A.B. asks: 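The structure is given below, and queries will be raised subsequently.
For the numbers below, each heavy atom of this structure counts, side chains included, while hydrogens, waters and symmetry mates do not. None of these values were measured; they are calculated from a predicted model.
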Amino acid sequence: MTNNYPTFPLSRPRRLRQSPALRSMVRETALSAHDFIYPLFVQHGTEVRLPIPSMPGQYRLSIDQLAGEAKEIADLGIPAVLLFGIPAEKDPVGLENFAANGIVQQAIRAIKEAAPELLVVTDVCLCEYTDHGHCGLLDDAGNVLNDETLEVLGNTAVSHARAGADIVAPSGMMDGMVGAIRHALDEAGYKQLPVMSYAVKYASAFYGPFRDAADGAPKFGDRKTHQMDPANAREALREAAIDVAEGADFLMVKPALAYLDVINRLRAAYPELPLAAYNVSGEYSMIKAAAAAGWLDEQGAVLETLLGIKRAGADLIITYHAKDAAGWLSNQ
C-alpha cells in the first residue's frame, strides 16, 4: 500500500504518543477479560487443590473446589472456562469420557449450578482417558484408527451436552470429527449446541506442561500422524475449510505464539467466524519461569503476549493467564 505522508519534520508519529490518554485514544487493539477462556483441570476426590509443578499457579481441582473457582472467574469478567478431566481409571477406549457421571460431566453440573452465567466449553478428545494416551482408538499395531474413533467422539459430545455444556470443542485432529460430532448432537436433539473446532492444531513442542497436568502424554510414539506439521501454513486453510463445511461454529489455532501468521491467515479467510487461539501450557510456563528468575516483568510480558495474539486476529484467547490478566486489566 502506498501513502502520501509527508516526511520529517512535518510528519512526526511521536506526536500521538505523548501521554497515556493520547496513546489510549489512538490504540488500534483493545484487550479485555471478555476475550479470555480459562482452562480448568478436574479430577476425582474431595478437597483437592493439587499444584501443577510445571505450570506455576495452576491446579488440579476436585469437584467440591469448583464452586468457588467458578464464582471467582465469573466475577473477574471472564465469560467461559474450558474443562479437561482426569478419569478415575483409563482403558483402551476411554469409557469415562462419555459416562453419565464422568469427571467432566460432574464438573459441568457443578459449575453451572455455582455460576450459571459462566459458559462451559468441554474438550472432546480421548488422550486423557485412554491407557495408551493417544487421541483415538488403536489397532493391534498401535496405529490410530480415524473412522472408528469418530463414534466415540460423537458419544462424548452428546454426553457433555446432556450434562449441560454450552460448547463442545473437539481437539483430536481426526478427519471428519466435526461432521461426526455435529451429526451426533443433531440426532440427540442438540441442534443449537455450538462446536468450537481445534481446526488447526500443530504437533508442537509447547504441550509438555499440559501433558503433566492432564496425565495425557502418549505411552509410545507421538501424534504427528494427526496433528499438523509446524512447517505448514497453507494446509491450515484446508483444515479450516473442511471443518467449516462440516458445521464448525468456531475455529481455533493451537498453539498461538509460534503461529501468529496462521491466526492472521484464518482471520482473513474467515472474517465472519469467531476465531480462538490457544495460548498453550509451554507458552504460559516460559513466561512464569522467566518472571520467577527476574528476567522479565510478568505483567508486562503477559499483557503484551495476549495483545499480540489478539492483534494477529483472534477474537478469543484460551489462556492460563486469564485470571491474572483480567485482574491487571481491571486496574489499568
A.B. asks: Can L257 be reached from Y278 by stepping across I, L, V, M, F, W or Y side chains whose heavy atoms are under 4.5 Å apart?
C.D. replies: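 Unlinked, Y278 and L257 end up in two clusters.
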A.B. asks: Please report the interatomic distance OG1(T149) to NE2(H134), rounded to the nearest 0.5 Å.
C.D. replies: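 One finds 11.5 Å between OG1 of T149 and NE2 of H134.
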A.B. asks: For E235, is there any backbone N or O sitting under 3.5 Å from a side-chain donor or acceptor partner on N232?
C.D. replies: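 Checking the backbone N and O of E235 against the side chain of N232, no donor-acceptor pair under 3.5 Å is found.
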A.B. asks: Evaluate E96 against E89 for side chain to side chain contact (heavy atoms under 4.5 Å, CB included), listing each step before the verdict.
C.D. replies: CA-CA 8 Å; E96 191 177 325; E89 295 182 4; 5.8 Å; no
A.B. asks: Of the non-hydrogen atoms in A74 and E117, which two are nearest, and what is the gap between them?
C.D. replies: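 Residues A74 and E117, closest heavy atoms: CB-OE2, 3.4 Å.
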A.B. asks: What distance separates L306 CG from W328 CH2, expressed to the nearest 0.5 Å?
C.D. replies: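 Going from the CG atom of L306 to the CH2 atom of W328 covers 9.0 Å.
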A.B. asks: Between Y270 and A241, is there a donor-acceptor pair closer than 3.5 Å when you use the side chain of the first and the backbone of the second?
C.D. replies: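 Here the side-chain-to-backbone pair exists.
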A.B. asks: Would you say that I86 contacts I103 through its side chain, given a criterion of any heavy-atom pair below 4.5 Å between the two side chains?
C.D. replies: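 The answer is no; the side chains never approach within 4.5 Å.
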A.B. asks: With a 4.5 Å cut-off on side-chain heavy atoms, are L126 and C135 touching?
C.D. replies: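 Counting from C-beta outward, C135 and L126 never come under 4.5 Å.
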A.B. asks: Within a 6.0 Å radius of atom CD on E28, are there more than 12 heavy atoms belonging to other residues, nucleotides or ligands?
C.D. replies: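 No - once you tally the heavy atoms of other residues, nucleotides and ligands closer than 6.0 Å, there are 12 at most.
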A.B. asks: Could you tell me the separation between the CG atom of D147 and the CE atom of M177, rounded to the nearest 0.5 Å?
C.D. replies: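 One gets 14.0 Å once the value is rounded to the nearest 0.5 Å.
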A.B. asks: Test of understanding: clusters of I, L, V, M, F, W, Y form through side-chain heavy atoms closer than 4.5 Å, transitively. Do F36 and F84 belong to the same one?
C.D. replies: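 No, no single cluster joins them.
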A.B. asks: With no hydrogens and no angle check, is any side-chain donor or acceptor of T305 less than 3.5 Å from a backbone partner on A301?
C.D. replies: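 Yes, the answer is positive, given that a donor and an acceptor are paired below the 3.5 Å cut-off.
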A.B. asks: Got a donor-acceptor contact below 3.5 angstrom from the R60 side chain to the A213 backbone?
C.D. replies: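 Side chain of R60 to backbone of A213: a pair is present.
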A.B. asks: Please report the interatomic distance OG(S32) to CD1(I78), rounded to the nearest 0.5 Å.
C.D. replies: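 The OG atom of S32 sits 10.5 Å away from the CD1 atom of I78.
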A.B. asks: L16 vs M25, test: side chain to side chain contact (heavy atoms under 4.5 Å, CB included). Steps then yes/no.
C.D. replies: CA-CA 9 Å; L16 301 182; M25 186 172 71; over 6 Å; no
A.B. asks: Taking all non-hydrogen atoms of both residues into account, name the closest pair between A256 and I263 and its distance.
C.D. replies: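 Closest approach of A256 to I263: O-CD1, 4.0 Å.
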A.B. asks: Keeping the roles fixed (side chain from S204, backbone from Y207), state whether a donor-acceptor pair exists under 3.5 Å.
C.D. replies: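 No.
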A.B. asks: Are K288 and Y320 in a cation-pi contact, defined as NZ or CZ under 6.0 Å from the six-membered ring centre and within 45° of the axis?
C.D. replies: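 No; the conditions do not both hold, so K288 does not lie above the ring face of Y320.
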A.B. asks: Taking atom NE2 as the centre, does H44 end up with more than 12 heavy-atom neighbours from other residues, nucleotides or ligands that are less than 6.0 angstrom away?
C.D. replies: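 Yes.
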A.B. asks: Inspect the contact between D315 and K310 and indicate whether a charged nitrogen and a carboxylate oxygen are less than 4.0 angstrom apart.
C.D. replies: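 The answer is no: the pair does not qualify as a salt bridge.
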A.B. asks: Can you tell if the side chain of P87 reaches within under 4.5 Å of the side chain of N97, non-hydrogen atoms only?
C.D. replies: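 No, side chains not in contact.
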A.B. asks: Would you say E47 has more than 12 foreign heavy atoms packed within less than 6.0 Å of its CD?
C.D. replies: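 No, because the 6.0 Å sphere around CD of E47 holds 12 heavy atoms or fewer from other groups.
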A.B. asks: Taking the side chain as C-beta and beyond, is there a heavy-atom pair between M252 and M196 under 4.5 Å?
C.D. replies: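 Yes, at least one pair of side-chain atoms sits under 4.5 Å.
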A.B. asks: Any non-hydrogen side-chain atom of L185 less than 4.5 Å from a side-chain atom of K191?
C.D. replies: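 No, too far: nothing below the 4.5 Å cut-off.
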A.B. asks: Using the side chain to side chain contact (heavy atoms under 4.5 Å, CB included) definition, which of the options I167, L82, L83, V168 pairs with V120?
C.D. replies: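 One option only clears the test, and that one is L83.
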A.B. asks: So Q65 and V48, do their side chains get closer than 4.5 Å, heavy atoms only?
C.D. replies: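 V48 vs Q65: side chains apart.
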A.B. asks: Shared ILVMFWY cluster between M174 and I242, side chains joined below 4.5 angstrom?
C.D. replies: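 No: no chain of side-chain contacts under 4.5 Å links M174 to I242.
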A.B. asks: Roughly how far apart are L150 CG and N155 CG, rounded to 0.5 Å?
C.D. replies: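 With rounding to 0.5 Å, CG (L150) is 11.0 Å from CG (N155).
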A.B. asks: Heavy-atom distance under 4.5 Å between the side chains of Y284 and T319, does that happen here?
C.D. replies: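 Sidechains of T319 and Y284: no contact.
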A.B. asks: How many angstroms lie between atom CG of D75 and atom OG of S330, to the nearest 0.5 angstrom?
C.D. replies: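 So the CG of D75 and the OG of S330 are separated by 11.5 Å.
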A.B. asks: Which heavy atom of A115 sits nearest to which heavy atom of K71, and what is that distance?
C.D. replies: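 Shortest heavy-atom separation between A115 and K71 comes out as CB-N, 4.4 Å.
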A.B. asks: Is the number of heavy atoms from other residues, nucleotides or ligands under 6.0 Å of R15 CZ greater than 12?
C.D. replies: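 Buried by this count: over 12 neighbours within 6.0 Å.
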A.B. asks: Applying the side chain to side chain contact (heavy atoms under 4.5 Å, CB included) test to S281, which of Q58, M286, R211, M55 qualifies?
C.D. replies: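 Result: among Q58, M286, R211, M55, M55 is the only option passing the side chain to side chain contact (heavy atoms under 4.5 Å, CB included) with S281.
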A.B. asks: Would you name the heavy atoms of P92 and L137 that are closest together and state the gap between them?
C.D. replies: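 Residues P92 and L137, closest heavy atoms: O-CD2, 4.0 Å.
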A.B. asks: Decide side chain to side chain contact (heavy atoms under 4.5 Å, CB included) for D324 and V302; before the verdict, give the C-alpha distance in whole Å, the side-chain angles of both, and the deciding distance to 0.1 Å.
C.D. replies: CA-CA 9 Å; D324 287 340; V302 168; 6.0 Å; no
A.B. asks: Counting N and O atoms only, with roles assigned by atom type, does the side chain of S285 sit under 3.5 Å from a partner on the main chain of S54, one being a donor and the other an acceptor?
C.D. replies: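 It does hold such a pair.
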A.B. asks: If two hydrophobic side chains count as joined below 4.5 Å and joins carry through other members, does L237 share a cluster with M173?
C.D. replies: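 Yes, same cluster.
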A.B. asks: Which pair of non-hydrogen atoms, one from D123 and one from S171, has the smallest distance, and what is that distance?
C.D. replies: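 Shortest heavy-atom separation between D123 and S171 comes out as OD1-OG, 2.8 Å.
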A.B. asks: Does E304 CD have over 12 foreign heavy atoms under 6.0 Å away?
C.D. replies: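 No, CD of E304 has 12 or fewer neighbouring heavy atoms, counting only those of other groups under 6.0 Å.
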A.B. asks: Do NZ/NE/NH1/NH2 and the carboxylate oxygens of K323 and E69 come within less than 4.0 Å?
C.D. replies: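 Yes, charged N to carboxylate O under 4.0 Å.
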A.B. asks: I would like to know whether R311 and N264 meet side-chain hydrogen bond (donor to acceptor under 3.5 Å, both in side chains); could you show each step before the answer?
C.D. replies: CA-CA 9 Å; R311 190 182 65 244; N264 190 255; over 6 Å; no
A.B. asks: Do any N or O atoms from the side chain of H160 and from the backbone of Q105 form a donor-acceptor pair under 3.5 angstrom?
C.D. replies: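 Between the backbone of Q105 and the side chain of H160 there is no qualifying donor-acceptor contact (under 3.5 Å).
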A.B. asks: Of all heavy-atom pairs between K90 and T130, which one has the smallest distance, and what is that distance?
C.D. replies: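 Result for this residue pair: CD-O, 3.4 Å.
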A.B. asks: For a side chain to side chain contact (heavy atoms under 4.5 Å, CB included) check, start with the C-alpha distance between V253 and L260, then their side-chain angles and the critical distance, and finish with the verdict.
C.D. replies: CA-CA 9 Å; V253 176; L260 296 175; over 6 Å; no
A.B. asks: For R238, does the CZ atom have more than 12 heavy-atom neighbours from other residues, nucleotides or ligands under 6.0 Å away?
C.D. replies: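 Not more than 12 within 6.0 Å, no.
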A.B. asks: May I ask whether V244 and V195 are part of the same hydrophobic cluster, defined by side-chain heavy atoms of I, L, V, M, F, W, Y residues being less than 4.5 angstrom apart, directly or through others?
C.D. replies: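 No; V195 is not reachable from V244 via cluster members.
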A.B. asks: Given the rule in the ring pair (Phe, Tyr, Trp, His ring centres under 6.0 Å) test, do Y202 and Y259 qualify, once you have shown the distances and angles that lead to the verdict?
C.D. replies: CA-CA 9 Å; Y202 286 90; Y259 302 92; 4.1 Å; yes
A.B. asks: Count the heavy atoms of every other residue, nucleotide or ligand shown that sit under 6.0 Å from CD of E151, and state whether that count exceeds 12.
C.D. replies: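 For E151, atom CD is not crowded (no more than 12 foreign heavy atoms under 6.0 Å).
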A.B. asks: Given the ring of Y59, does R49 sit roughly above its face, with NZ or CZ under 6.0 Å from the centre of the six-membered ring and within 45° of the axis?
C.D. replies: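 Cation-pi check for R49 and Y59: passes.
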A.B. asks: With distance as the sole test, does E283 use its side chain to make a donor-acceptor pair with the main-chain N or O of F206 at under 3.5 Å?
C.D. replies: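 Side chain of E283 to backbone of F206, a donor-acceptor pair under 3.5 Å: no, none is there.
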A.B. asks: So, do F98 and V152 sit near enough that their side-chain heavy atoms are less than 4.5 Å apart?
C.D. replies: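 Yes, side chains in contact.
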A.B. asks: Would you say the side-chain atoms of Q43 pair up with the backbone N or O of S62, donor to acceptor, closer than 3.5 Å?
C.D. replies: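 Checked: no pair found.
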